[in-house]
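Throughout, protein chains are lettered first and strands after them, A, B, ... in sequence-line order, and every chain is numbered starting at 1.
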Amino acid sequence: MARRRAKAAPKGKDEDVRTVAMLVTAGIISLVVAISVILAPIPQVGPDEGNQAPDFVADAYNGFGWNEYRLSDNYDWDWNGSSDSKWMLIYFMDTDCPYCWVDGDEMSQLHSQWSDRVNFVTVAAELSIPNHDSTRGEIEAFRDKTSYFGCNSDRDDCIDRPGTPNDWPYIDDRSMTIMNKWGLSGTPVSFILEPDGTVAWNKNKHQGQGGDGEELSEALQRLVGGQ
Amino acid sequence: MSVITPPLMAFIAGIVISSYLLIKAKETSGEQGTLGVLNASMGFSAVGIMGSGWTWAIHNSMIMGSSSMCATEGLVQCGSVIGDPQWNNLFGIPWGLIGIVSFALIWFFVLSIRMDIHAKWASGYVDLLFYVCLAGVPFVIWLVLVELTMVDGAPHICPYCTVIHIALIGMVACSYFLRQKRDTGAWS
């Protein structure tokens, strides 16, 4: 009597091909990553001196209203170290920070001295500290020195801020997005950027532990004044 | 610079060839059909990996100013999309790098199945492949929304990003057909 044999289902290979597949995948990825990096090296981005400053887009108050502001729009990418392009001073502050309140005088003086060579930008953050709640109205009043009670930890009217009204952009960073991107946790902190956006001076490096104690005014004189 | 560059043409050619392979494989029954779908999958995922690598390179060059690798003006351009610091990354990781890793995972599943379509684990890998591809769809929808409505000067269309999005859609189709072949007994 003839016996009917069921057709055997196709059987997989004896060896596990997944290891080979993984090695091939790793090889291809390494090649793609290597070619990408050769085509365009990974830039060093961060607040440290010598790095490209982290770019940002946010709303800025210019004295008339709030408009979108992109930091890198102010760069001169072709700067070769000798042209007359403007440097940048980025000042991180909080309208309720007592040190920032006191700094108002120095910032006004520095602006009157360097505004023809340096673009000033203030980033107004809102630190997670009691009485540091801020509003756009408070930022506007701090910049313009107009009446708004609530500046300096809710102790003062903004019109009494030391210094003169500022005529440079104030960025709204109450969400702390830019502060976090720059790795900052406190204010005031200032940075000087070369015209192409490279960080030339970081206050935390000079005035922090182990720093040389160089002040912002001295740094401006050394970096921009010496040009 | 011109929007149509040799790399973009190569990526588009990859998409067209992969689509052709997929359509042809759909009409072929048995193991040949399955292998055809897997070949198309390899084509789509290869375009995804290389396209993502290219956009990552554009991203890196845009941080340092402008890029000669893609147009920066007009409706179809990369500058306002890949060059936008607000939208060109996910938690600080460039989308291009995320694309390379994601398509590498897809490529690994496809290659493993392609090398041994009768392995015991192949059926499970088909499901994993499908779910990984499906997980990418919300990101594609989000990124298309970003370039059409949210970037500076929107709407813009980033050609390389679009090629990668199409590659992912192609992969969703491939993985769907693979599941279908498996479930209907047409695998081999």
Can you name the closest pair of heavy atoms from [X] and [Y] and give their distance?
X: Arg18(A); Y: Tyr125(B); value: CD-OH, 3.1 Å
X: Pro85(B); Y: Val57(A); value: CG-CG2, 3.7 Å
X: Ala104(B); Y: Thr25(A); value: O-CG2, 3.4 Å
X: Ala57(B); Y: Ala40(A); value: O-CB, 3.1 Å

Atom [atom1] of [X]: over 12 foreign heavy atoms under 6.0 Å:
X: Lys181(A); atom1: NZ; result: yes
X: Asp73(A); atom1: CG; result: yes
X: Gln32(B); atom1: CD; result: no

Using non-hydrogen atoms and a 4.5 Å limit, figure out which bit of Trp187(B) sits close to chain A: side chain, backbone, both or neither.
neither

For Ser188(B), is it the side chain, the backbone, both or neither that has a heavy atom under 4.5 Å from a heavy atom of chain A?
side chain

Under 4.5 Å heavy-atom distance to chain B, tell me which part of [X] shows up: side chain, backbone, both or neither.
X: Asp16(A); value: side chain
X: Val17(A); value: both
X: Ile28(A); value: side chain
X: Pro54(A); value: neither
X: Ile29(A); value: side chain
X: Tyr75(A); value: neither

Less than 4.5 Å apart, any side-chain heavy atom of Trp54(B) and any of Leu39(A)?
yes

Greatest number of heavy atom pairs closer than 4.5 Å to chain B - which of Val33(A), Val45(A), Val20(A), Ile38(A)
Val33(A)

Gap separating the CD1 atom of Ile42(A) from the CG atom of Leu97(B), nearest 0.5 angstrom:
7.5 Å

Would you find a donor on one side and an acceptor on the other, under 3.5 Å apart, between the side chain of Ser36(A) and the backbone of Gly53(B)?
yes

